Amino acid sequence: MRFFSALGRGRLIQRYKRFLADIIVDDQTLTLHCPNTGRMTGCAEPGWAVYYSTSDNPKRKYAHTWELSRDDAGHFICVNTTRANQLVAEALSEQRIPALAGYEQVRAEVRYGAENSRIDFLLSGTGRPDCYVEVKSVTLHEGEGQGFFPDTQSVRAQKHVRELMECAQAGHRAVMLFCVLHTGIERVSPAEHLDSKYAALVREAVAAGVECLAWKADISPKGMTLTEPVSVKV
């Protein structure tokens, strides 16, 4: 996935009101739209480099969107959470994830489950059970290559695990796909220390037949692509 146009670059002043961030560009303050509703722990330190895209939509109040951060160690972090599903969609269409290859049909945002969810991707193929794929963007890095999800307690993420368990128990394939969007992360685990209920649910889900995969993205201001699997320890 390549960015449609060259990303601008600035230095972060602050993120505020969840959806806004101010940066310095050529000694001027520029306000960006922040497309990330999470805590963004370890993704938004003042002074870090920020890369942003620019929209030509005249109806937008803020024309610029925060796409990437770069930390003091030089690692790139994608803070635009919509990019995770775009990267996975691209990888699925190009059959680059062997465990999810060979399906004839890929549908996105399909309603399913008793809790009225939407599965990120539903894969179907002749003679194969349907495969339900839930994508989670991983950006929380706590040193030595260790990444965690989620970065805070997440009732929504807990719900998705329960829905995947129901899929597995019904005889379908159910996959939790961690999309690693921090170039410093080399392995992924549920964040027991931040959401113990989520971590317990993931362990229960794996015992019930839910699969956990993690793929890491190569990230630069020119574009991103999923390139390699990384280990998942639950």
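Source: prediction; values computed, not measured.
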**OP:** Show your reasoning for whether side-chain hydrogen bond (donor to acceptor under 3.5 Å, both in side chains) applies to His33 and Thr65.
**Re:** CA-CA 5 Å; His33 168 63; Thr65 299; 5.5 Å; no
Original post:
Side chains of Val106 and Ser93: does their closest heavy-atom pair fall under 4.5 Å?
Top reply: no
Subject >> Selection residues 152-171 - residue pairs positive for ring-ring contact (aromatic ring centres under 6.0 Å, His included), sequence neighbours left out >> reply: none
Subject >> Sequence-distant partners of Glu104, side-chain hydrogen bond (donor to acceptor under 3.5 Å, both in side chains), two or more places apart >> reply: Thr126
Original post:
For Tyr62, which fellow cluster members are found when Ile, Leu, Val, Met, Phe, Trp and Tyr are connected by side-chain heavy-atom distances below 4.5 angstrom, either directly or through intermediates?
Top reply: Tyr16, Leu20
**OP:** Hydrophobic side-chain clustering at under 4.5 Å (ILVMFWY, transitive links): who's grouped with Val155? Put none if nobody.
**Re:** none
**OP:** Quick one: pull up CG in Leu226 and CG in Leu181 and give me the separation to the nearest 0.5 Å.
**Re:** 7.5 Å
Subject >> Atom pair NE2/CG of His182 and Leu140 - distance to nearest 0.5 Å >> reply: 8.5 Å
Original post:
Which heavy atom of Arg107 sits nearest a heavy atom of Val110, and at what distance?
Top reply: CB-CG2, 3.7 Å
**OP:** Keeping the roles fixed (side chain from Ser220, backbone from Lys222), state whether a donor-acceptor pair exists under 3.5 Å.
**Re:** yes
Subject >> Tyr51 ring center near Phe76 ring center (under 6.0 Å) >> reply: yes
Subject >> Any side-chain heavy-atom pair of Met224 and Leu68 under 4.5 Å >> reply: yes
**OP:** Please name all residues satisfying salt bridge (Lys or Arg N to Asp or Glu O under 4.0 Å) with Glu90, sequence neighbours left out, ordered by chain then number.
**Re:** Arg96
Subject >> Nearest non-hydrogen partners of Pro221 and Phe3, listed with the distance >> reply: O-CD1, 3.3 Å
Subject >> Partner set under side-chain contact (heavy atoms from CB on, under 4.5 Å) for Arg111, not counting sequence neighbours >> reply: Asn116, Arg118
Subject >> Glu163: partners by side-chain contact (heavy atoms from CB on, under 4.5 Å), with sequence neighbours left out >> reply: Tyr112, Glu115, Ser117, Lys159, Glu166
Report all side-chain donor-acceptor pairs from residues 172-179 shorter than 3.5 Å, counting only partners two or more places apart or in another chain.
residue, atom, partner, partner atom, Å
Arg173, NE, Glu211, OE2, 2.9
Arg173, NH1, Ala99, O, 3.0
Arg173, NH1, Tyr103, OH, 3.0
Arg173, NH2, Ala99, O, 3.2
Arg173, NH2, Glu211, OE1, 2.7
Arg173, NH2, Glu211, OE2, 3.3

Subject >> Linked hydrophobic residues, Ile13 as query - side chain contacts closer than 4.5 Å >> reply: Ile24
For residues 184-192, run the donor-acceptor check on the side chains, cut-off 3.5 Å, and write out each pair with its distance to 0.1 Å, sequence neighbours left out.
residue, atom, partner, partner atom, Å
Glu186, OE2, Lys216, NZ, 2.8
Arg187, NE, Gln146, OE1, 3.2
Arg187, NH1, Glu144, O, 2.9
Arg187, NH2, Glu144, O, 2.8
Ser189, OG, Lys233, O, 2.9
Glu192, OE1, Arg203, NH1, 2.7
Glu192, OE1, Arg203, NH2, 3.2

**OP:** Calculate, to the nearest 0.5 Å, the distance between atoms SG and NE2 belonging to Cys34 and His64 respectively.
**Re:** 15.0 Å
Original post:
Is there any salt bridge (charged side-chain N to carboxylate O under 4.0 Å, His left out) pair reaching into residues 80-89, and which pairs are they, with sequence neighbours excluded?
Top reply: Glu67-Arg83
Original post:
So how far is it from Asn85 CG to Glu109 CD, rounded to the nearest 0.5 Å?
Top reply: 6.5 Å
Subject >> Co-members of the apolar cluster containing Trp48 [side chain, <4.5 Å] >> reply: Leu12, Ile23, Val25, Leu30, Leu32, Met40, Val50, Tyr52, Trp66, Ile77, Val79
Subject >> Nearest-0.5 Å distance that lies between atom OG1 in Thr183 and atom CG in Asp71 >> reply: 7.0 Å
Original post:
Near Arg128 CZ, under 6.0 Å, is it more than 12 heavy atoms from other residues, nucleotides or ligands?
Top reply: yes
Subject >> For Ala168 against Gly209, the heavy-atom pair lying closest together >> reply: CB-C, 4.2 Å
Subject >> Interatomic spacing from CG in Leu194 to OG1 in Thr41 - rounded to 0.5 Å >> reply: 7.5 Å
Subject >> Nearest heavy atoms of Val232 and Cys212, plus distance in Å >> reply: CG1-CB, 4.1 Å
